[in-house]
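These notes are about the structure you will find just below.
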Amino acid sequence: MQQRGAEPRPTPEAGRPARLRFPDGFVWGTATASYQVEGAVTEDGRGPSIWDTFTHEPGRVVDGTNGDIACDHYHRFREDVATMAELGLGSYRFSIAWPRVVPTGAGTVNQAGLDFYRRLVDALLEHGIDPLATLYHWDLPQPLQDAGGWMNRDTALRFAEYAQVVGAALGDRVPTITTLNEPWCAAFLGHASGVHAPGITDNAAALTAAHHLNLAHGLGAAALRSVLPATGQVSLTLNLSVVRPATDRADDRDAARHVDGLANRIFLDPMLCGQYPVDVLDDLRHITDWGFLRDGDLATIHAPLDLLGVNYYSPTLVAAATPELEQRTSTRWVNDPQGPDGPARYPGTDRAFSVPQAGPYTAMNWRIEPGSLTELLVRVHRDHPAVPLMITENGAAFLDEPGPDGVVHDADRIEYLHGHLAAVHDAIVQGVDVRGYYVWSFMDNFEWAWGFSKRFGLVHVDYSTGKRTLKDSATWYRDVIAAQGVD
Ligand code: FCB
């Protein structure tokens, strides 16, 4: 592993096949999400979402910013799609803002909101780029939150209605529709640590939300199937973790099992196997009685899936909640934008801490360790061999600003992406069915509680003018796509 600022490894020369060549048909893409890029939050009938409310509350976002304008993708999408075409992208993963389509979350459909996504999809298809649309990337309509949000079972039913509207309107032109993005973040960062909207800090609420998100996935998948053409694919995206114990002690190993349950299996097992893991149910009985789980829910959640999207950035190291650690620990939570600089409580549990790891790091303080992605993919494939995988997000934030020549020379991002692509290739060689890879992100954007302070893009965005400039990593990725792999 090279350190930040080191020279990137060479990209394949034009015309010469890459040494790590990906299978024919492998999808090369980039990803964004509605609230992070669109802006235009009050235009054409869009209703407010929980992220509009949250970002306008003082102290929620480190730099005090919000997504009111963001990258202005709502108005500049044609320019952005043209850039994607220049890079040779085969697919663009974006999300649909529920409050654009159903402004109050239930009932009346806003045709103007749907029309925006129709224009976006048409522009992509005109350039030969496949759209991959996610229905829920965290921007819940505020009126649904006012009625209890994901703590209210009814939200899952409203989600299914919305899924059906989008499926009927766009399903003929969008080959794959994803129900949810990262329900772990929505449940645990939104309701346990509270660093994401709606900013609730209640472990029991987080578990209720997790179940209702699972239910929304199942109901949403069925609603999509009822309107999609026979070729239409339904997928789901999870942020899966490689969870390691801080020491070989039995209590730390048990903490790792416990966190693996909360981070991975609480979603994977009901969605892909139709059951909650017994150890997860048992571990959390002092927090919840699971009374929100109703007969028939698990069969609904266990909906047939065409593809499982995996978002992956960094491995997790955890320790048991011993009295010594309690003493050393601030009240911070994992993913708290203010920290953590020491052990931090793992969202949704009082039994485990996340502990800092050795570098190298990205600008998020996330450890860079590409091999852990291979480990994750091999494990998911071993546990769930029938479902094809897609890397729907992978990438890195670095402190990149244009140099005197106006260009961002982001050798560190190239190094990160190169390492992780090699890790994906390694998993494929080991027999894992990985269908494609989407860089997070196409362009710099509003990074949730971090505001505009973290840049993940292949394309630099000047937030005062909206001007886009390709970083070195964008042209590197273009060459990778052309060579169908990396050296
Ligand atoms: C993921 C989110 C995405 C972005 C990246 C950095 O958890 O899905 O919106 O914030 O992290």
Thr288 side-chain N/O to Leu284 backbone N/O, donor-acceptor pair under 3.5 Å:
no
Please name the pair of heavy atoms, one in Arg19 and one in Asp487, separated by the smallest distance, quoted to 0.1 Å.
N-OD1, 2.9 Å
Begin from the C-alpha positions of Phe446 and Phe452 and carry the test ring pair (Phe, Tyr, Trp, His ring centres under 6.0 Å) through to its verdict.
CA-CA 5 Å; Phe446 181 78; Phe452 294 111; 5.3 Å; yes
Would you confirm whether the ring centroid of Phe353 sits within less than 6.0 angstrom of the ring centroid of Tyr346?
no
Would you say His191's side chain and Ala186's backbone share a donor-acceptor pair under 3.5 angstrom?
yes
Which of these, Val27, Thr237, Leu373, sits in a side-chain contact (heavy atoms from CB on, under 4.5 Å) with Ile391?
Leu373
Do the non-hydrogen side-chain atoms of Val355 and Val318 ever get within less than 4.5 Å of each other?
no
So which heavy atom on Phe398 is nearest to which on Tyr361, and how close?
CE2-O, 4.0 Å
Centroid-centroid distance, Tyr74 to Phe116, less than 6.0 Å:
yes
Any donor-acceptor pair under 3.5 Å linking the side-chain atoms of Tyr438 with those of Ser91?
yes
Just one of Asp444, Asp412, Asp410 clears the salt bridge (charged side-chain N to carboxylate O under 4.0 Å, His left out) bar with Lys471, so which one?
Asp444
Hey, are the side chains of Thr362 and Phe456 touching, using non-hydrogen atoms and a 4.5 Å cut-off?
no
State yes or no: are the ring centers of Phe77 and Phe94 separated by less than 6.0 Å?
no
Working to the nearest 0.5 Å, report the span between CZ of Arg173 and CG of Leu124.
11.5 Å
Note: Gly167 and Leu224 closest approach over all heavy atoms is CA-CD2, 3.9 Å
Checking ring pair (Phe, Tyr, Trp, His ring centres under 6.0 Å) for the pair Tyr276/His211: CA distance, chi angles, key distance, verdict?
CA-CA 10 Å; Tyr276 278 110; His211 178 65; 5.8 Å; yes
Which of these passes side-chain contact (heavy atoms from CB on, under 4.5 Å) with Phe159: Leu140, Leu180, Leu219?
Leu180
Check whether the side chains of Ser95 and Ser34 place a donor and an acceptor atom closer than 3.5 Å, and report yes or no.
yes
For the residue pair Asp433 and His381, confirm or rule out a side-chain donor-acceptor distance under 3.5 Å.
no
Identify the residue among Arg379, Arg244, Arg253 that makes a salt bridge (charged side-chain N to carboxylate O under 4.0 Å, His left out) with Asp260.
Arg379
Side-chain touch Leu125/Pro131, heavy atoms, less than 4.5 angstrom:
yes
Examine distances only and state if a side-chain atom of Arg468 and a backbone atom of His460 form a donor-acceptor pair shorter than 3.5 Å.
no
What I'd like to find out is whether the side chain of Asn264 reaches to under 4.5 Å of the side chain of Val259, using heavy atoms alone.
no
Nearest heavy-atom approach of Val234 to Ala221 is CG1-CB, 3.9 Å
Would you check if there is a donor-acceptor pair between the side chains of Ser441 and Thr32 at a distance under 3.5 Å?
no
Using 4.0 Å as the upper bound for N to carboxylate O, is an ion pair formed by Asp283 and Arg257?
yes
Within the 4.5 Å heavy-atom criterion, are Leu240 and Leu268 side-chain neighbours or not?
yes
Test salt bridge (Lys or Arg N to Asp or Glu O under 4.0 Å) on Asp139 and Arg100; report intermediate values, then the result.
CA-CA 10 Å; Asp139 37 6; Arg100 272 196 206 288; over 6 Å; no
Taking Asn214 for its side chain and Ile266 for its backbone only, find out whether a donor-acceptor pair lies under 3.5 Å.
yes
Quick check: does any side chain N or O of Gln275 sit under 3.5 Å from a backbone N or O of Asp269, one acting as donor and the other as acceptor?
no
Can Glu38 and Arg76 be counted as an ion pair, charged N to O under 4.0 angstrom?
no
Any non-hydrogen side-chain atom of Val310 less than 4.5 Å from a side-chain atom of Leu238?
no
Under 4.0 Å between a Lys/Arg side-chain N and an Asp/Glu carboxylate O for Arg455 and Glu447?
no
For the residue pair Trp138 and His196, categorise the inter-ring angle as parallel (less than 30°), tilted (30 to 60°) or perpendicular (more than 60°).
tilted
Verdict with supporting geometry, Asp297 and Arg153, salt bridge (Lys or Arg N to Asp or Glu O under 4.0 Å):
CA-CA 11 Å; Asp297 282 2; Arg153 184 180 174 92; 2.9 Å; yes
Mind listing the closest non-hydrogen atom pair of Ser473 and Ile414 along with its distance?
CA-CG1, 3.7 Å
How are the rings of His425 and Phe22 set relative to one another: parallel (under 30°), tilted (30 to 60°) or perpendicular (over 60°)?
perpendicular
Distance-minimising heavy-atom pair for His127 and Ala85
CD2-CB, 3.4 Å
Going from CG on Leu377 to CZ on Arg382, what distance comes out if it is rounded to the nearest 0.5 angstrom?
12.5 Å
Exercise: do Asn394 and Tyr416 side chains pair donor with acceptor under 3.5 Å
yes
For a quick check under 3.5 Å, do Asn181 and Arg93 share a side-chain donor-acceptor pair by atom type?
yes
Are any non-hydrogen side-chain atoms of Tyr437 and Thr392 less than 4.5 angstrom apart?
no
Ion pair check, Arg78 and Glu126, cut-off under 4.0 Å
no
Which label fits Tyr136 and Trp150: parallel for a plane angle under 30°, tilted from 30 to 60°, or perpendicular past 60°?
perpendicular
Atom CG in Leu144, atom CD1 in Ile50: separation rounded to 0.5 Å?
9.5 Å
Parallel, tilted or perpendicular: which fits the ring planes of Trp448 and His137, with parallel below 30° and perpendicular above 60°?
parallel
We want to know whether Thr155 and His212 form a side-chain donor-acceptor pair, criterion being a heavy-atom distance below 3.5 angstrom.
no
Are Asp122 and Arg118 close enough for a salt bridge, meaning some N to O gap below 4.0 Å?
no
When you check the gap from the basic side-chain N to the acidic O, do Arg413 and Asp472 get nearer than 4.0 Å?
no
Kindly compute the distance separating CZ (Phe442) from OG1 (Thr83), expressed to the nearest 0.5 Å.
5.0 Å
Can you tell me how far NE2 of His217 sits from NE2 of His302, rounded to the nearest 0.5 angstrom?
9.5 Å
Any non-hydrogen side-chain atom of Pro347 less than 4.5 Å from a side-chain atom of Leu189?
yes
Going from OG1 on Thr475 to CG on Leu87, what distance comes out if it is rounded to the nearest 0.5 angstrom?
8.5 Å
Determine, for Arg351 against Asp254, whether the closest basic-nitrogen to carboxylate-oxygen distance falls under 4.0 angstrom.
yes
Under 3.5 Å, is there a donor on one side chain and an acceptor on the other for Asp80 and Tyr92?
no
Pairing of Asp306 and Arg225 as salt bridge, 4.0 angstrom limit
yes
Quiz question: by atom type and distance under 3.5 Å, do the side chains of Tyr312 and Ser372 form a donor-acceptor pair?
yes
